[in-house]
Amino acid sequence: MASASAKQAPKITSKASAGGTGAAGVTGGPPIMPLASPLMGKKKKPFLGMPAPLGYVPGLGRGATGFTTRSDIGPARDANDPVDDRHAPPGKRTVGDQMKKNQDDDDEDLNDTNYDEFNGYAGSLFSSGPYEKDDEEADAIYAALDKRMDERRKERRELREKEEIEKYRMERPKIQQQFSDLKRKLAEVSEEEWLSIPEVGDARNKRQRNPRYEKLTPVPDSFFSKHLQTGENHTTVDPLQGLGGLNTPYPGSMTPGLMTPGTGELDMRKIGQARNTLMDMRLSQVSDSVSGQTVVDPKGYLTDLNSMIPTHGGDISDIKKARLLLKSVRETNPHHPPAWIASARLEEVTGKLQVARNLIMKGTEMCPKSEDVWLEAARLQPGDTAKAVVAQAVRHLPQSVRIYIRAAELETDVRAKKRVLRKALENVSKSVRLWKTAVELEEPEDARIMLSRAVECCPTSVELWLALARLETYENARRVLNKARENIPTDRHIWITAAKLEEANGNTQMVDKIIDRAITSLHANGVEINREQWIQDAEECDKAGSVATCQAVIRAVIGIGIEEEDRKHTWMEDAESCVAHGALECARAIYAHALQVFPSKKSVWLRAAYFEKNHGTRESLEALLQRAVAHCPKAEVLWLMGAKSKWLAEDVPAARSILALAFQANPNSEEIWLAAVKLESENNEYERARRLLAKARSSAPTARVFMKSVKLEWVLGNIEAAQELCTEALKHYEDFPKLWMMRGQIEEQCENMDKAREAYNQGLKKCPHSVALWLLLSHLEERVGQLTRARAILEKARLKNPQSPELWLESVRLEFRAGLKNIANTLMAKALQECPNSGILWAEAVFLEARPQRKTKSVDALKKCEHDPHVLLAVAKLFWSERKITKAREWFLRTVKIEPDLGDAWALFYKFELQHGTEEQQEEVRKRCENAEPRHGELWCAESKHVLNWQKKTGEILALVASKIKNTF
């Protein structure tokens, strides 16, 4: 038994160990207890019952991961159950919404349409994953590689793209480019050819060309009234009628707007108003045509209707309120005139003229002493009734001047007017207005008699005294003015009139005395002498022809109220103001007084001389200059002006004598020497000119004297003598750039290009800042075909002379002439950055642009250089190119006004008038140019300084320059 039980024990133990705490396997018997075993005595494992270490995942070691249980995700929830977040936004408030949102976010677009064979899927397959730092570094490395590879191929790619674009544009040009050559040829189209181009025909069909307008036939009022009276039946069933028969309407059941409620009569007033409104709309549509003309006169057509339509602009209710308010005012205060006047005018405005008349007549009864009420009544009443009203007003107000004036206005016959005014003067003899009105109706003799009486009744009226003095004889006028001065000692006009009277009768010596007495008398009577008022009176005297009076007034008041140190400045401003107002004698008097006070001031003499040159005669100018050189013998410009005046008058001996006197006063003056040389050379006295220049070189050697000597020999054709003189001059004045220029130009004329280049280079070593020398050298290189050398010269010049717009302009033009328009545009952009306020650069930039962009560029140019003559000239040329003749002429005038010394502006203006102006306009431009004597301008100097044109006058040079201008802009 023991051995059997011992054998059986391990089996039981093994079952227990394999199955845990299970039964022994005997069905229905008591459980068998395990026997003691040596394993039961071992110690418990130390980790049992302890918390799991950090990061421990159960089953991870044997691979038991990747599945979840209900305990992990919580209890199951329905799709319509609300989420735990109480403040979730709409669309995320249920479990189903959030699950759908997450599913949409996680789903990638893996459709075949989103797949590319080379690039793969268009989107990122890993966009939902976290973007970590190593991902960012990898992206940066890839981006750097892409950038590096892109830079390696950039030039080739851009060149290829450019070639492809050019090829595409050549194959498929724009419409604008296709017609560009034809547009250029439009510049050659004359105005007659342009006007002869036929108009485009109307391509619409006949029905569209001749639409049939709606025809409306007005329905007479009798039609409405007839059909209303017959009471025509309506064949409509009334759903509210229980009997189900046909319903005949009772009278008054039509539209409330056309019928008066409760009656069967039409409201004709409303129909008339509606008809008038409709007609007004139709007429306004007809008159508002495209051409602005119409065969219908809406104002004349509606003349009869205006009497029925109120002319007020307010609402009916407002008028009723105003009428009620004015009625209350009248009843409260019936003796208040403005209430009656306002009431009458309200009724007049609303078209009730008779009511207005009745109201105002009642107002005259309530306010018989109100002048305004009577005048309003006379205005509202018709002719004869108005006369009766005025007569009644005179009985109540016999001293009212306004009522008498109104009574005279109502009379149509002159005799009746005179009768009314004389009756008025009997009652109101002190009224100046009545006297003036009565005198205006009389003949001169009767007027003189009336004025004699008038000044007795109104002794303080200056106008009456002066009017009487004008009508009297000389002796009587003097007496009248003396009486006027006694009665009115404080008025200056009486004194000025007395001075004009004396001047008109030849007593000019009395004029100054009268004006002086006037100043003294007015001072004695406490009158302040207002200098500006007196100068205005002098200007009026000048315009009236009283020269002596105006000069006397100027002399008397010109120094009043001015500080001693401000006299010269103030007087010059006064003279310019008088010239601007057209009072030339006043300005001449101011200059004469200023020259008496400042006889040794050269600036005052110069201003006076320029005034006489512009506004006086040649004799007055020469007389003034003789006085000027006597007081200022050292002023060379005054001597030269005198000599030039004599020369322009073709009085050469007198000009020589003036220059001889100038030599005595200024023995070594360069200006006078050169003026004498010019005088002799212009009159073909070449030997005299040579002798004068030789004497000048020995006695007063200057660079300009040598330059004129070289120029004289050059223009006379003595090239060798000119070269010798030039070499001699350069020994003494090697830093004078014009000598180097002339030397190079003489060599160019002789076709010695190497010597010319050498001369220019030597000159640039001595005068590196001479822009003209750099330009001449650049032109020389360009002429011989050395474009690269010319470009290098200009770049070197810009380094030596920074911010020189002339050099930048020549660089741009050089590239443009070479056909490199892109480089020219780039250079122009750089030039405008370095010289942003240069007018010549902006003017050139306007015409470098394509035609559509020129106007925008011109606006930018005007913003930068608003008053630059080159920019204004460019705008004028722009309008000229667009055939806007009036605007172009305005801008040309503005240009020559701002800068009259710019010869290019005059030449372009003259060319413009030759094409689009009349002979008078062309002659005016030529005369103004000759008076201005321009000396500057690129085109102008190219012709005026040419050796072949040295003796030509300003007008000839103007025509020559204009003939060489081509309309290529």
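Computed over heavy atoms, backbone and side chain alike; hydrogens, waters and symmetry mates excluded. A quick note: this is a predicted structure, and the numbers were derived from the prediction, not measured.
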Does the side chain of Ile746 reach to within under 4.5 Å of the side chain of Val710, using non-hydrogen atoms?
yes
Please check: side-chain N/O of Glu724 versus main-chain N/O of Ala721, any donor-acceptor pairing under 3.5 Å?
no
Report the distance from atom CG of Leu787 to atom CG of Leu820, rounding to the nearest 0.5 Å.
7.5 Å
May I ask you to decide if the ring planes of Trp880 and Phe892 are parallel, tilted or perpendicular, using 30° and 60° as cut-offs?
perpendicular
Shortest non-hydrogen contact from Met707 to Leu739?
CA-CD2, 4.0 Å
Using 0.5 Å steps for rounding, measure from the CZ atom of Arg691 to the OH atom of Tyr686.
14.5 Å
Between Arg854 and Glu849, does any side-chain N to carboxylate O distance fall below 4.0 Å?
no
For the side-chain contact (heavy atoms from CB on, under 4.5 Å) test, which of Leu625, Thr617, Leu621 pairs with Glu612?
Leu621
Shortest non-hydrogen contact from Leu764 to Ser770?
CD2-O, 4.2 Å
Are any of the side-chain nitrogens in Lys821 or Glu815 under 4.0 Å away from the carboxylate oxygens of its partner?
no
Could you tell me whether the side chain of Thr727 and the main chain of Gln723 form a donor-acceptor pair under 3.5 Å?
yes
Does the pair Arg704/Glu671 count as a salt bridge with the N-to-O cut at 4.0 Å?
yes
Intermediate values then yes/no, salt bridge (charged side-chain N to carboxylate O under 4.0 Å, His left out), Arg783 and Glu748:
CA-CA 11 Å; Arg783 195 176 298 118; Glu748 278 191 67; 2.3 Å; yes
Give, for atom CG of Leu827 and atom CG of Leu832, the distance between the pair rounded to the nearest 0.5 Å.
11.0 Å
Does Glu930 come within less than 4.0 Å of Arg926, counting only side-chain N to carboxylate O?
yes
Heavy-atom donor-acceptor pair, Asn949 side chain to Ser944 backbone, under 3.5 Å
no
Are any of the side-chain heavy atoms of Glu834 and Pro802 separated by less than 4.5 Å?
yes
Find out whether Thr826 and Lys830 are in side-chain contact, i.e. whether some heavy atom of one side chain is under 4.5 Å from a heavy atom of the other.
yes
Taking Pro934's backbone N and O only, do any of them form a donor-acceptor pair with Trp940's side chain (distance below 3.5 Å, no angle check)?
yes
How close do Val579 and Ala587 get, heavy atom to heavy atom, and via which atoms?
CG2-CB, 3.7 Å
Are any non-hydrogen side-chain atoms of Glu924 and Arg928 less than 4.5 angstrom apart?
yes
Test item: Lys678 and Lys708 side chains (from C-beta on) under 4.5 Å apart, heavy atoms
no
If only side-chain N and O atoms count, and only distance matters, is there a donor-acceptor pair under 3.5 Å linking Gln762 with Glu734?
no
Can you tell me how far the OG atom of Ser698 sits from the NZ atom of Lys695, to the nearest 0.5 Å?
8.0 Å
If you round to the nearest 0.5 Å, how far is CH2 of Trp842 from NZ of Lys863?
10.0 Å
Which residue is it: Lys927, Lys953, Lys644, Lys613? I am looking for the one with a salt bridge (charged side-chain N to carboxylate O under 4.0 Å, His left out) to Glu933.
Lys644
Does Arg798 make a cation-pi contact with Trp808 (under 6.0 Å, within 45 degrees of the axis)?
yes
Look only at the side chain of Trp950 and the backbone of Leu712, and say whether a donor-acceptor pair between them is shorter than 3.5 Å.
no
Are the side chains of Phe909 and Leu893 in touch, meaning some heavy atoms are under 4.5 Å apart?
yes
So with a 6.0 Å cut-off around CD of Glu720, is the heavy-atom count from everything else above 12?
no
Work out which heavy atom in Leu960 is nearest to a heavy atom in Lys952; give both atom names and the distance.
CD2-NZ, 4.1 Å
Quick check for you: to the nearest 0.5 Å, what is the distance between Cys767 atom SG and Lys800 atom NZ?
12.5 Å
May I ask you to say whether Arg697 pairs ionically with Glu728, meaning some side-chain N is under 4.0 Å from a carboxylate O?
no
Would you say that more than 12 heavy atoms from the other residues, nucleotides or ligands in this model lie under 6.0 Å from the NZ of Lys738, or not?
no
Are Arg813 and Glu938 ion-paired here, with the side-chain N under 4.0 Å from a carboxylate O?
yes
Using a strict cut-off of less than 4.0 Å between a Lys/Arg side-chain nitrogen and an Asp/Glu carboxylate oxygen, indicate whether Arg757 and Glu781 qualify as a salt bridge.
yes
I'd like to know if Arg607 and Glu576 make a salt bridge, using a cut-off of under 4.0 Å between side-chain N and carboxylate O.
yes
Does Ser804 reach the main-chain N or O of Asn801 with its side chain, forming a donor-acceptor pair under 3.5 Å?
no
Using a 4.5 Å cut-off on heavy atoms from C-beta on, say whether the side chain of Cys929 contacts that of Tyr910.
no
Taking Glu622 first and then Arg618, would you say they form a salt bridge - that is, a charged N and a carboxylate O separated by under 4.0 Å?
yes
Side chains of Gln745 and Trp714: donor-acceptor distance under 3.5 Å anywhere?
no
Around atom CD of Glu191, are there more than 12 heavy atoms from other residues, nucleotides or ligands closer than 6.0 Å?
no
Within the side chain of Ser838, is there an N or O that forms a donor-acceptor pair under 3.5 Å with the backbone of Cys835?
no
Would you find more than 12 non-hydrogen atoms of other residues, nucleotides or ligands less than 6.0 Å from His936 atom NE2?
no
Without swapping roles, check the side chain of Ser645 against the backbone of Met641 for a donor-acceptor pair under 3.5 Å.
no
Any heavy-atom pair between the side chains of Leu862 and Leu872 that's under 4.5 Å?
yes
Do the side chains of Glu810 and Arg817 get close enough for a salt bridge, i.e. N-O under 4.0 angstrom?
yes
Relative to the ring of Trp891, is the ring of Phe879 parallel (under 30°), tilted (30 to 60°) or perpendicular (over 60°)?
tilted
Would you mind checking if Lys887 and Glu882 are paired as a salt bridge, meaning a charged N to carboxylate O distance below 4.0 Å?
no
